[in-house]
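What follows is a set of notes on a single structure, which appears directly below.
Just so you know, these numbers come straight off a predicted model, no measurement behind them.
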Amino acid sequence: MGLRIYNTLTRQKELFEPLIPGQVRMYVCGITAYDLSHIGHARSALVFDVIRRYLEVKRYEVRFIRNFTDVDDKIIKRAEQEGASAGEISERFIAEYQKDMENLGVLPATVEPNATEYIPQMITLIERLVARDFAYVVDGDLYFEVRRFPRYGRLSGKNLEELLAGARVEVDERKRDPHDFALWKSAKPGEPSWESPWGPGRPGWHIECSAMSMEHLGESFDIHGGGEDLIFPHHDCEIAQSEAATEKPFVRYWIHNGFVTINQEKMSKSLGNFFTVREIFEKSPYKVPVTAEALRYFLLGTHYRHPLDFSDEALWEAKRALDRFYGLFQRLDEATAPQGQADALLPAVLERVREAFHQAMDDDFNTPVAIAELQVLRADVNKLLEAGLSKEACESAREELGSFGRVLGLLQLSFREWVSQIIPVGSGALGLTGARPRVLPDAEIDKKVARRIEARRQKDFAKADEIRAELAAFGVTIEDRPDGTSRWKR
RNA sequence: GGCGGCGUAGCCAAGUGGCUAAGGCAGAGGUCUGCAAAACCUUUAUUCCCGGGUUCGAGUCCCGGCGCCGCCUCCA
């Protein structure tokens with residue numbers, strides 16, 4: 001049984017076979033660094049993070065490149081607005097992005113190149129296109145001539161005639177075809193520029209990804225990914241210029257993630273309907289690891305190719321679902337059945353889930369099903385725990401859940417970490433109606449819980465209930481054990 | 001206008017020809033408990049937007065509607 005991946009190029013799921021057995025070379029289009037990242041960017045990063053992790057679980061050696069576009073019209077514009085240089089702007093937002101990704105638990109890529117560090121490679125690539133007569137100059141700008149590349153538009157399923165019918169293309173009379181795209185733009189006053197055979201200027205957007213991917217992965221590689229809005233024109237242009245230059249197939253598997261929407265509409269800068277990753281963390285009543293995990297669980301709960309509607313309510317629903325896993329972890333930590341009456345049943349339960357989990361992930365990275373299998377495992381382990389699991393069995397169950405979780409970047413915290421992660425009173429918490437509960441230090445809670453245990457021992461239930469209500473006001477919930485002791489959580 | 005996608009329970013979301021339509025959240029009843037909480041058990045879609053068709057058999061394939069969304073311009 002092998003991994004099957006939906007390939008945008010062929011519009012079907014295909015058995016994954018890397019060019020070099022045992023190795024995977026993948027490139028994902030990263031961000032243009034001119035502003036804070038929103039949840040849509042987070043989704044893309046997370047999806048490819050999980051794909052990368054799963055490929056590694058499948059024992060592939062993965063070489064994973066995720067780039068930054070650090071020169072571009074929007075960066076230049078922002079730099080003008082702020083009286084800074086384009087380099088300062090891109091540097092700043094690359095750092096902000098790295099911080100968001102770290103908070104989200106997105107693993108660093110093997111190489112995270114900045115476009116401006118690859119100008120010579122871009123120039124070399126463009127020279128090859130010029131030599132092969134795929135490029136022409138107009139007023140110092142260099143264009144790729146799409147008519148010379150008959151397969152242009154194949155990835156997006158478009159052809160030039162149909163594209164022309166769409167009246168949205170602003171026709172530049174100087175170009176031979178409206179869809180010819182810039183490989184090199186001549187410098188305008190005040191703009192960042194580099195020397196080139198065509199005069200000082202800067203690269204077009206598409207050429208950077210071709211140059212960086214080829215530099216790090218070779219002229220043909222396995223996986224190229226990005227958001228589905230990049231299919232056209234960006235990825236079609238990449239294919240055209242790369243294959244025109246090399247005469248080799250550029251990429252074997254094209255993977256595109258669906259959008260995050262707000263009220264069913266694409267989340268985007270231009271519509272202004274976006275949440276930044278930063279504000280999710282800032283407004284969350286929980287500390288970073290817990291918020292990150294809730295966001296991850298939420299984002300992976302929908303298949304990566306489908307649209308996903310974001311709402312704070314849905315986010316906290318994910319948090320509640322995770323609470324149940326961590327509740328199980330708490331009980332597994334306690335492991336109160338030395339005789340382990342149900343131990344013998346555990347291996348079969350684990351084996352079944354192992355199988356189902358991998359089957360789900362092998363089917364085009366079906367994380368919703370994979371998560372559902374973890375939920376089934378959670379329920380199964382709960383049942384066995386009730387029947388009696390030894391300390392060793394509890395540990396192996398916990399370990400197994402952790403190792404499945406690791407693939408998705410979930411379930412890596414301890415119960416204590418999960419549950420002690422409320423942030424003290426702040427401004428209105430995102431999505432939490434009413435006042436945020438004040439936070440009581442653990443020691444205070446332990447003291448009150450001890451007093452309550454004593455009250456219960458003396459059958460002073462009025463007092464016990466009073467203490468419980470008091471704690472509830474601080475967002476602390478009590479669970480009494482059969483042996484008269486109590487555990488708490490918030 | 002061209003190309004593509006989606007429409008499954010109160011909500012979210014898998015399933016793309018065949019056992020009883022996964023799983024989560026929310027709800028109801030029960031076991032447990034001093035009462036709770038948590039957990040567990042039971043329960044919540046005779047039915048998958050609508051209408052035809054193919055098939056022994058269809059959310060699943062085909063045709064025609066309706067609704068929503070995306071790409072065709074920068075965009076994860």
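Residues that satisfy the salt bridge (Lys or Arg N to Asp or Glu O under 4.0 Å) test with E238(A), not counting sequence neighbours, are absent from this structure. Partners of R92(A) by side-chain hydrogen bond (donor to acceptor under 3.5 Å, both in side chains), not counting sequence neighbours, listed by chain and number: E82(A).
Classification of R354(A) and E351(A) as a salt-bridged pair holds, one side-chain N sitting under 4.0 Å from a carboxylate O. A salt bridge links D49(A) to R296(A): at least one charged side-chain nitrogen sits closer than 4.0 Å to a carboxylate oxygen. A salt bridge links R456(A) to D480(A): at least one charged side-chain nitrogen sits closer than 4.0 Å to a carboxylate oxygen.
You'll find that the side chain of A321(A) is closest to rG24(B), out of rG24(B), rG70(B), rC40(B). Side-chain proximity of A372(A) to rG23(B), rC35(B), rA14(B): nearest is rG23(B). Here rC40(B) is the nucleotide among rC25(B), rC40(B), rC68(B) with the atom lying nearest to any side-chain atom of K383(A). Among rC3(B), rA76(B), rA26(B), the nucleotide with an atom closest to any side-chain atom of K158(A) is rC3(B).
In this structure, rG67(B) and rC6(B) make a Watson-Crick or G-U wobble pair, each of the two defining distances being under 3.5 angstrom. Searching all strands for a Watson-Crick or G-U wobble partner of rU60(B) with both distances below 3.5 Å returns nothing.
Within the structure, every side-chain polar atom (N or O) of R481(A) is placed at least 4.0 Å from both OP1 and OP2 of rA37(B). Neither OP1 nor OP2 of rC12(B) sits under 4.0 Å from any side-chain N or O of R320(A).
The OH-C1' distance, from Y152(A) to rC72(B), rounds to 10 Å in whole Å. Atom-to-atom, CE of M26(A) to C1' of rA76(B) comes out at 14 Å; the value is rounded to the nearest Å.
With a glycosidic angle no more than 90° from 0, rG59(B) adopts the syn conformation.
Across the C1' atoms, rU8(B) and rG59(B) are found 7 Å apart, a figure rounded to whole Å. For the P atoms, the distance linking rA38(B) with rG27(B) amounts to 10 Å, nearest Å.
Judged by closest nucleotide on RNA chain B, F232(A) is the one of T32(A) and F232(A) placed further toward the 5' end.
Side chain N159(A) to base rG2(B): no donor-acceptor pair is found below 3.5 Å.
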